[in-house]
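A short write-up of the structure that comes next.
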Amino acid sequence: MDNESAKTKQEALDKRYIRMAGIWAENSYCKRRQVGALIVKDKMIISDGYNGTPSGFENVCEDEHNLTKPYVLHAEANAITKIARSNNSSDGATMYVTASPCIECAKLIIQAGIKRVVYSEKYRLEDGIELLKRAGIEVEYVPLATHE
């Protein structure tokens with residue numbers, strides 16, 4: 001397969017997986033923002049996550065002032081910690097996430113050995129993206145298509 005068709009095929013896969021991450025985000029109980037993440041390796045989804053409270057906590061992400069509770073986990077953290085409880089390895093995998101990773105999640109992504117991050121929504125802070133790039137991780141922005 002030539003480079004051009006391989007690139008086109010990868011772009012089609014990226015769009016498909018980012019749409020799936022968008023659908024997965026709908027599982028979140030968070031009202032302010034729903035974020036979904038998938039970890040893909042060898043064309044298999046090996047983990048998934050969405051933002052929410054830790055296991056065993058009530059499914060309420062915001063306090064009475066509509067601020068996100070400090071213990072709410074980000075989608076990326078949920079997907080990465082799920083890997084730790086499985087027999088899978090995220091080494092060399094791609095993460096698809098509907099929001100640009102924050103700096104804390106970027107650190108986890110680096111340590112998890114993820115080599116590529118595809119995200120669909122830009123955030124005002126770019127420090128997470130900058131850290132990923134500094135670590136040599138390939139970062140792609142793929143806007144979430146509303147229809148295709």
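Because only heavy atoms are used, hydrogens play no part in the values below, and waters and symmetry mates are left out as well, while side chains stay in.
- To the nearest 0.5 Å, the span separating OH on Y50 from CG on N78 amounts to 8.0 Å.
- One hydrophobic cluster holds both V142 and I45 under the rule that ILVMFWY side chains link at heavy-atom gaps under 4.5 Å.
- When each of E58, E64, E62 is tested with K69 by the rule salt bridge (charged side-chain N to carboxylate O under 4.0 Å, His left out), just one qualifies, namely E58.
- Side-chain atoms of S86 and I46, non-hydrogen and from C-beta on, never get closer than 4.5 Å to each other.
- L125 belongs to a hydrophobic cluster with Y123, counting contacts under 4.5 Å between side-chain heavy atoms of Ile, Leu, Val, Met, Phe, Trp and Tyr, direct or through other members.
- Here K122 contributes atom NZ and I129 contributes atom CD1; the two are 9.0 Å apart, rounded to the nearest 0.5 Å.
- In this structure, I23 shares a hydrophobic cluster with no other residue, the cluster being traced through Ile, Leu, Val, Met, Phe, Trp and Tyr side chains under 4.5 angstrom apart.
- The main-chain N or O of N51 is found under 3.5 Å from a side-chain atom of S28 such that the two form a donor-acceptor pair.
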Evaluate the criterion side-chain contact (heavy atoms from CB on, under 4.5 Å) for residue pair V118 and Y141; output intermediate values, then yes/no. CA-CA 6 Å; V118 178; Y141 169 66; over 6 Å; no

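- Taking OG of S120 as the reference point, atom CD of E140 lies at 13.0 Å (rounded to 0.5 Å).
- A heavy-atom distance below 4.5 Å is found between the side chains of K82 and D48.
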Which atom pairs, donor and acceptor, lie under 3.5 Å between side-chain atoms of residues 104-113 and protein residues at least two apart or in another chain?
{"from": "E104", "atom 1": "OE1", "to": "K107", "atom 2": "NZ", "distance (Å)": "3.4"}
{"from": "E104", "atom 1": "OE2", "to": "K107", "atom 2": "NZ", "distance (Å)": "3.2"}

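- Closest of all the heavy-atom pairs between C61 and Y29 is SG-C, 4.1 Å.
- Taking CD of E76 as the start and CD1 of I39 as the end, the distance is 9.5 Å to the nearest 0.5 Å.
- Counting all heavy atoms, side chain and backbone alike, I114 lies closest to A93 at CG2-O, 3.4 Å.
- S55 is not listed as a side-chain neighbour of F57, based on a closest heavy-atom distance of 4.5 Å or more.
- For E126, the salt bridge (charged side-chain N to carboxylate O under 4.0 Å, His left out) test picks out no residue, with sequence neighbours left out.
- Judged as a side chain to side chain donor-acceptor pair (under 3.5 Å), and not counting sequence neighbours, the contacts of E11 are K7.
- Placement of I137 and I80 within a single hydrophobic cluster is found when ILVMFWY residues are connected by side-chain heavy-atom separations under 4.5 Å, directly or transitively.
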So R32 and N66, side-chain contact (heavy atoms from CB on, under 4.5 Å) or not? Walk me through it. CA-CA 8 Å; R32 290 183 67 204; N66 199 35; 3.8 Å; yes

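- Residues meeting the side chain to side chain donor-acceptor pair (under 3.5 Å) test with D14, sequence neighbours left out: Q10, Y96, R116.
- A donor-acceptor pair under 3.5 Å is absent between the side-chain atoms of D42 and the main chain of M44, judged by distance alone.
- Residues E121 and L144 fail the side-chain proximity criterion, which asks for heavy atoms closer than 4.5 Å.
- Follow the hydrophobic side-chain contacts under 4.5 Å out from L132 and you never reach V40; the two are in separate clusters.
- Contact record, A25 with G36: CB-N, 3.3 Å, taken as the closest heavy-atom pair.
- Distance check, rounded to the nearest 0.5 Å: NZ of K43 to OG1 of T94 gives 11.5 Å.
- Nearest heavy atom pair, residue A21 against residue L38, reads N-CD1, 3.8 Å.
- In this structure, N88 and K41 have side chains that are not in contact, with every pair of non-hydrogen atoms separated by 4.5 Å or more.
- With hydrogens and angles disregarded, a donor-acceptor distance shorter than 3.5 Å links the side chain of S47 to the backbone of A79.
- Put simply, the side chain of Y71 reaches to within 4.5 Å of the side chain of P54, judged on heavy atoms.
- Considering SG of C102 and CG of L131, their distance stands at 10.5 Å, rounded to 0.5 Å.
- Annotation: side chain of L13 is in contact with side chain of R16 (closest heavy-atom distance under 4.5 Å).
- Contact of the L73 side chain with the T53 side chain is not registered, since no non-hydrogen atoms from C-beta on lie closer than 4.5 Å.
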